[in-house]
**Student:** 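Dumping the structure here so I can ask a few things about it.
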Amino acid sequence: MNKYVERIYNGIVKENPCIILMLGMCPTLAVTTSAINGVGMGLSTLAVLIFSNLIISLMRNIIPDQVRLPAYIVIVASLVTVVDLIMQAYTPGLYSALGIYIPLIVVNCIILGRAEAYANKVTPDLAFFDGVGMGLGFTIALTVIGLAREFLGSGCVFGIQVLSEEIFHPIAIFGQAPGAFLIMAILIAILNGASISTRANDKVEGCDGCCATCAKSCDSKEKEEAKA
Amino acid sequence: MNNSLILIIVTTALVNNVVLSQFLGICSFLGVSKQLKASASLGGAVIFVMTISSAVANLLYTFLLAPLQLEYLNTIVFILVIATLVQMVEMFLKKTSPGIYKALGIYLPLITTNCAVLGVALTNVQDGYGFVESVVAGFGTAVGYTIAIILLAGIRERIDESSVPKPFRGAPVVLLSAALMAIAFMGFGSLAL
């Protein structure tokens, strides 16, 4: 397999950031009330991720190791501001539906996680395709979760009524906050039952699993504590 | 005036609970809720940092960004300020009160990437809160976070002793507990405020 195709396959299937790596849980749970919101959030994250991977990879020999995290945060925050302004101008409906979760892409673990784990070690072309793969994987996962919640919660698919209320009585709770936790619980239980290994179970065991950054700082702290 | 501040605390802590209805800070909510003691310490650290960061973010916005018409830079400025602030709080605590540092220290770096802290700073600006209101909203949100994580930790300590069907062990049962908690917290939505 071509190494670029491999990166995209890796992002969508093998290491799907949302379903296998369990990164970026906050937007996953928050914006998937409908499929179209899922697509919107996924694509805006995709855009930020591609450019942040590319820029960080291009600058990997310039940024000193000690200040790399603040540098990455500045790069990502600038990109997010650009996406934020573009969406505000061209897709006002989606912009108001996603609200605060657009600026919060800055702290989405996927972005810093990929920068730390991959983009700062490889050439720009590979980093670019890693961004495409991971971004598409995230978009697809959000869309699927959004579809399920929208269908169960209102009987609609992409805003179009497919089942009338006489045949299927919508379970409104899936469209509300508890439905997000419920859908994720069922999804992970199915993956567990099918013995597909995910990092979901590590995630609840400790602060590991979130961001490459925060896990690392936690580890070093614990070591320091042990020494003292 | 006092009434409206109490209203902000109740709204941010219970009605719009930051974890269970806004989905901010899910990472640490799931990750550090294994033991009651650790989650209470994290809650304390979040209250501390969130209150201070709301105050600092509000001052920066009112006296620096707004006069210079640089409001669109608020995401970049806030995240940098929060990251720096957490470092400074950490150093300050280490020097002045080793007791608190020992209890909260290891959770402080976790908070930098906690989206709830940035989320509150941004929401305060969106809602047009003044200085006192921002601080109160930050405090209330953090109290809501602490309530949620302590409750979940309590539930998880019980779950550890019961037998859970195999596919549901680990993350799914934790998420199910969170779902039930979210349903319970929806009840606060009907508080006549």
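All of these numbers come straight from a predicted model, not from anything done at the bench. Per chain, numbering begins at 1; letters A, B, ... match sequence-line order.
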**Student:** Would you check if A:F181 and B:I26 make a side-chain contact, meaning some heavy-atom pair closer than 4.5 Å?
**Tutor:**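 A:F181 vs B:I26: side chains touch.
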**Student:** Can you tell me how far the CD1 atom of A:I186 sits from the CG atom of B:L175, to the nearest 0.5 Å?
**Tutor:** 10.5 Å
**Student:** Which region of B:L80, side chain (C-beta onward) or backbone (N, CA, C, O), has a non-hydrogen atom less than 4.5 Å from a non-hydrogen atom of chain A, or is it both or neither?
**Tutor:** side chain
**Student:** When heavy-atom pairs shorter than 4.5 Å are enumerated against chain A, which of B:S33, B:P167, B:G119 gives the highest number?
**Tutor:**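 Looking at each of B:S33, B:P167, B:G119 in turn, B:P167 comes out on top.
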**Student:** Counting heavy-atom pairs under 4.5 Å to chain A, which of B:A182, B:A171, B:G25 comes out on top?
**Tutor:** B:A171
**Student:** If you count heavy atoms of other groups shown closer than 6.0 angstrom to OH of A:Y101, is the number above 12?
**Tutor:** yes
**Student:** When rounded to the nearest 0.5 angstrom, what is the spacing between CE in B:M186 and CD1 in A:I173?
**Tutor:** 5.0 Å
**Student:** Can you tell which part of B:M181 gets under 4.5 Å to a heavy atom of chain A, answering side chain, backbone, both or neither?
**Tutor:**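 When you check distances to chain A, no heavy atom of B:M181 falls under 4.5 Å.
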**Student:** Under 4.5 Å, counting heavy-atom pairs only, tell me which of A:G193, A:P103, A:C26 racks up the most with chain B.
**Tutor:** A:C26
**Student:** Quick check on A:Q176 against chain B: is it the side chain, the backbone, both or neither that has a heavy atom closer than 4.5 Å?
**Tutor:**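 Contact with chain B involves the side chain of A:Q176 alone.
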**Student:** A:D84 versus B:T75: any side-chain heavy-atom pair under 4.5 Å?
**Tutor:**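 No, their side chains stay 4.5 Å or more apart.
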**Student:** Enter the distance from A:T81:OG1 to B:I76:CD1 here, rounded to the nearest 0.5 Å.
**Tutor:** 4.0 Å
**Student:** With a 4.5 Å cut-off on heavy-atom pairs, point out which of A:I188, A:N192, A:L29, A:T28 contacts chain B the most.
**Tutor:** A:L29
**Student:** Check each atom of B:L20 against the heavy atoms of chain A and say whether the ones under 4.5 Å are side chain, backbone, both or neither.
**Tutor:**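 Both parts, backbone and side chain.
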**Student:** Out of curiosity, A:I190 CD1 to B:F168 CZ, how far, rounded to the nearest 0.5 Å?
**Tutor:** 8.0 Å
**Student:** Near A:Y95 OH, under 6.0 Å, is it more than 12 heavy atoms from other residues, nucleotides or ligands?
**Tutor:** yes
**Student:** Among A:L104, A:L191, A:L187, which has the most heavy-atom pairs under 4.5 Å with chain B?
**Tutor:**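 If we count pairs closer than 4.5 Å to chain B, A:L104 comes out on top.
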**Student:** Which of the residues A:A177, A:P178, A:G99 is involved in the greatest number of heavy-atom pairs with chain B at under 4.5 angstrom?
**Tutor:**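 Heavy-atom pairs under 4.5 Å are most numerous for A:P178.
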